[in-house]
Amino acid sequence: AQSVTQPDIHITVSEGASLELRCNYSYGATPYLFWYVQSPGQGLQLLLKYFSGDTLVQGIKGFEAEFKRSQSSFNLRKPSVHWSDAAEYFCAVGTGYTGRRALTFGSGTRLQVQP
Amino acid sequence: DTAVSQTPKYLVTQMGNDKSIKCEQNLGHDTMYWYKQDSKKFLKIMFSYNNKELIINETVPNRFSPKSPDKAHLNLHINSLELGDSAVYFCASSTTSGRDNEQFFGPGTRLTVL
């Protein structure tokens with residue numbers, strides 16, 4: 001069964017600083033990987049996804065993530081954080097099997113942005 | 001145009017009551033899901049339906065019963081509500097014709113059991 005680990009529960013960065021949120025996954029085949037963001041009281045919005053091809057993927061709001069198979073990682077990055085980026089970030093892994101298309105989520109990383 | 005909608009957004013009820021949460025998607029997807037987010041923000045799949053057929057049924061008490069009247073709707077009925085059922089419930093949808101299994105989420109329903 002697949003699993004996702006987000007080792008950082010809470011991260012605080014200053015506005016304008018760079019950001020990296022870590023994600024490690026466990027899955028026997030090529031994973032489908034996602035990053036979602038959840039603002040307070042809101043639903044989940046997809047930031048970016050990876051399922052094949054270029055291992056560096058670009059997403060919305062200036063985010064990018066790099067898939068590293070050797071490290072089983074899919075870390076999320078942003079070069080310059082804005083105050084509006086404060087939210088909860090979830091990494092997720094999915095499969096392509098019709099019988100098991102649910103996502104397995106990590107426990108989330110709460111991002112706080114200092115002025 | 002709301003892609004995945006849920007009603008109600010908030011639900012406060014007493015222990016022992018029966019309640020339902022409704023979900024509708026207008027994306028033309030053939031697969032729908034219910035996820036539960038607990039107080040620690042952990043998200044876990046509960047159920048998944050594909051073309052109105054139940055394909056995932058995680059370890060969920062049988063007090064929870066999903067119903068899919070058609071491909072665009074997936075409702076969640078909960079009997080005999082317990083304090084531990086308090087959580088945010090998210091509906092999501094995807095298409096099996098998509099290679100990457102991207103899922104679109106509704107805004108969530110915050111259930112509080114008193």
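The figures that follow rest on heavy atoms only: side chains count, while hydrogens, waters and symmetry mates do not. Convention: sequence-line order gives letters A, B, ...; per-chain numbering from 1. Everything numeric here is computed off the predicted structure, so don't read it as measured data.
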Asks: Please determine, among A:R110, A:Q38, A:E88, the option with the most heavy-atom pairs under 4.5 Å with chain B.
Replies: A:Q38
Asks: Among B:G106, B:P107, B:S48, who wins on heavy-atom pairs under 4.5 Å with chain A?
Replies: B:P107
Asks: Does any part of the side chain of B:K41, heavy atoms only, come nearer than 4.5 Å to the side chain of A:F90, both counted from C-beta?
Replies: yes
Asks: On a heavy-atom basis, which atom in B:F42 and which in A:F105 lie closest, and how many Å separate them?
Replies: CE1-O, 3.7 Å
Asks: Please check if atom CD1 in A:I9 has more than 12 non-hydrogen atoms from other residues, nucleotides or ligands closer than 6.0 Å.
Replies: no
Asks: For residues A:V13 and A:V37: do they belong to one hydrophobic cluster (side chain heavy atoms under 4.5 Å, members Ile, Leu, Val, Met, Phe, Trp, Tyr)?
Replies: yes
Asks: Between B:Q6 and chain A, which part of the residue has a heavy atom less than 4.5 Å away: side chain, backbone, both or neither?
Replies: neither
Asks: Please check if B:V60 and B:I21 belong to a single hydrophobic cluster, counting links between Ile, Leu, Val, Met, Phe, Trp and Tyr side chain heavy atoms closer than 4.5 Å.
Replies: yes
Asks: Side-chain heavy atoms nearer than 4.5 Å, only ILVMFWY residues, links allowed to pass through others: does that put A:Y25 and A:Y89 together?
Replies: yes
Asks: Heavy-atom cut-off 4.5 Å, strictly under: side chain, backbone, both or neither for B:K44 against chain A?
Replies: neither
Asks: Decide side-chain contact (heavy atoms from CB on, under 4.5 Å) for A:Y36 and B:Q103; before the verdict, give the C-alpha distance in whole Å, the side-chain angles of both, and the deciding distance to 0.1 Å.
Replies: CA-CA 10 Å; A:Y36 284 86; B:Q103 295 185 14; 3.8 Å; yes
Asks: Can you tell me how far CZ of B:F105 sits from CG of A:L46, rounded to the nearest 0.5 angstrom?
Replies: 9.5 Å
Asks: Backbone N or O of A:A102 within a donor-acceptor pair of the B:Y35 side chain at under 3.5 Å?
Replies: no
Asks: Identify whether B:L83 and B:L114 are in the same connected component of the hydrophobic contact network (ILVMFWY, side-chain heavy atoms under 4.5 Å).
Replies: no
Asks: Out of curiosity, does B:I45 fall in the hydrophobic cluster containing B:L74 (side-chain heavy atoms, cut-off under 4.5 Å, transitive links)?
Replies: no
